[in-house]
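Please read the structure below before turning to the comments.
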Amino acid sequence: MKEITIDRITNLVEKLCIEANCQLPGDICDALKTSQPVEKSTLGKDILHTLLENATIAREENSPICQDTGLTVVFVTIGQDVHIAGGSIEDAINEGVRRGYEKGYLRKSVVRDPIDRINTQDNTPAVIHYEIVPGKDLHIVVAPKGFGSENMSRLCMLKPSQGLEGVKDFVIQTISAAGSNPCPPIIVGVGIGGTMEKSALLSKKALLRPIHEKNTNPALAELEDELLGSINKLGIGPAGFGGTTTALSVNILTYATHIAGLPVSVNIGCHATRHAEGYL
């Protein structure tokens, strides 16, 4: 049995909140660089250059990439041989968010209730997803989610008879309707299967897969490439000013589902699809 104290969890989450908001992941920076020479719009090229320049300044000055520092989404993978000592893991994570957003001078964007809309003033509570796996490791991913992109995400309960073509149509329609709102070039997470809430979780987790990593399922890898090509033909382009770089990647996750259902969720990540991870 491996013992991990709540103080260590709080300290890690605090660090990851600042890192995620100030350091754009390398795979996204690389994808933006790769897109520049092939972008057909002159304005689009300029915007891609500006996005890279912004990411560099944010990293060097340890300042937020975007003013919307997001609702803090935390993915926690806990080995079943781990014992959390000293208190509640949920309290420890939220304390880390509280400290990270204060120490990092990050905007507090969370309201305590969707109806009364009173700001909690510390960006808590976080949205936390837990997964228990074999082993003795604790893995935490902090993924601040801005709502320019989140608001344009969609879920649809398709009929099985609509099949793969129905899935493709829904993804393309969702991106087309989103237009410039999610701050393209975007990353498109797609969750297919499970139940309503499972497909939504899959689509959000899909955003975390590094852009350069191909789907391990050849059929899904082919589908991702096809959807990416179709999305980039929509002409939305960087920042929505037109061009051939509307999306950097389409990442798909699937799960078993009911014989009578075909849930599909599309979670859109903006050009600053931020996340940082750590192990204890």
Side-chain angles (χ1 to χ4, degrees), residues 20 23-41 44-45 47-49 51-52 54-55 65-66 70 73 75 141 143-146 148-150 152-154 164 167-192 199-240 243-254 264-277:
Q23 299 182 28
L24 191 64
D27 61 308
I28 298 178
C29 287
D30 290 344
L32 289 170
K33 291 174 185 175
T34 303
S35 298
Q36 261 193 296
V38 296
E39 171 55 56
K40 294 182 178 179
S41 162
K45 286 179 183 289
I47 291 168
L48 291 170
H49 173 77
L51 295 179
L52 283 164
N54 178 71
I65 300 164
C66 175
V73 180
F75 293 91
V141 179
K145 193 64 164 67
S149 58
E150 189 74 356
M152 304 314 297
S153 301
R154 295 291 182 267
L164 183 57
V167 172
K168 293 178 188 178
D169 288 345
F170 175 65
V171 173
I172 299 303
Q173 288 168 11
T174 298
I175 305 306
S176 179
S180 65
N181 292 298
C183 301
I186 57 177
I187 296 171
V188 183
V190 181
I192 308 171
S199 68
L201 179 57
L202 289 171
S203 67
K204 182 148 287 176
K205 287 183 71 174
L207 294 176
L208 303 178
R209 195 184 85 205
I211 289 175
H212 58 271
E213 287 187 11
K214 282 285 186 181
N215 199 306
T216 55
N217 181 319
L220 292 180
E222 184 177 340
L223 178 58
E224 288 173 347
D225 288 341
E226 180 184 344
L227 286 170
L228 181 61
S230 297
I231 289 168
N232 283 332
K233 289 177 183 176
L234 292 173
I236 297 168
T244 53
T245 313
T246 297
L248 300 174
S249 180
V250 176
N251 299 347
I252 300 174
L253 285 175
T254 63
V264 184
S265 180
V266 177
N267 197 259
I268 302 174
C270 66
H271 75 269
T273 300
R274 300 154 292 182
H275 50 278
E277 64 181 331

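Keep in mind that the numbers below use all heavy atoms, side chains included, and drop hydrogens, waters and symmetry copies.
- The heavy-atom pair separating Ala247 from Leu228 by the smallest distance is O-CD1, 3.5 Å.
- Among Glu213, Arg209, Lys205, the single residue meeting the side-chain hydrogen bond (donor to acceptor under 3.5 Å, both in side chains) criterion with Asn251 is Arg209.
- Between Ile236 and Pro184, the shortest heavy-atom contact is CG2-CG, 4.1 Å.
- The shortest non-hydrogen separation linking Asp27 to Pro210 is OD2-CA, 3.4 Å.
- Residue Ala55 comes nearest to Cys29 through the heavy atom pair CB-SG, 4.4 Å, listed as atom of the first residue, atom of the second, then distance.
- Residues satisfying the salt bridge (charged side-chain N to carboxylate O under 4.0 Å, His left out) criterion with Glu226, sequence neighbours excluded, are Lys168.
- For the residue pair Lys145 / Ser149, a side-chain donor-acceptor distance below 3.5 Å is found, with atom types taken as modelled.
- At least one donor-acceptor pair under 3.5 Å links the side chain of Glu39 to the backbone N or O of Thr245.
- Remark: Ile252 CD1 to Leu220 CG distance equals 5.5 Å, nearest 0.5 Å.
- Salt bridge status for Asp225 with Lys214: present, with a side-chain N to carboxylate O gap under 4.0 Å.
- Asn232 is linked by a side-chain hydrogen bond (donor to acceptor under 3.5 Å, both in side chains) to nothing, counting only residues two or more places apart in sequence or in another chain.
- In terms of heavy-atom proximity, Ala177 sits nearest to Met152 at O-CE, 3.9 Å.
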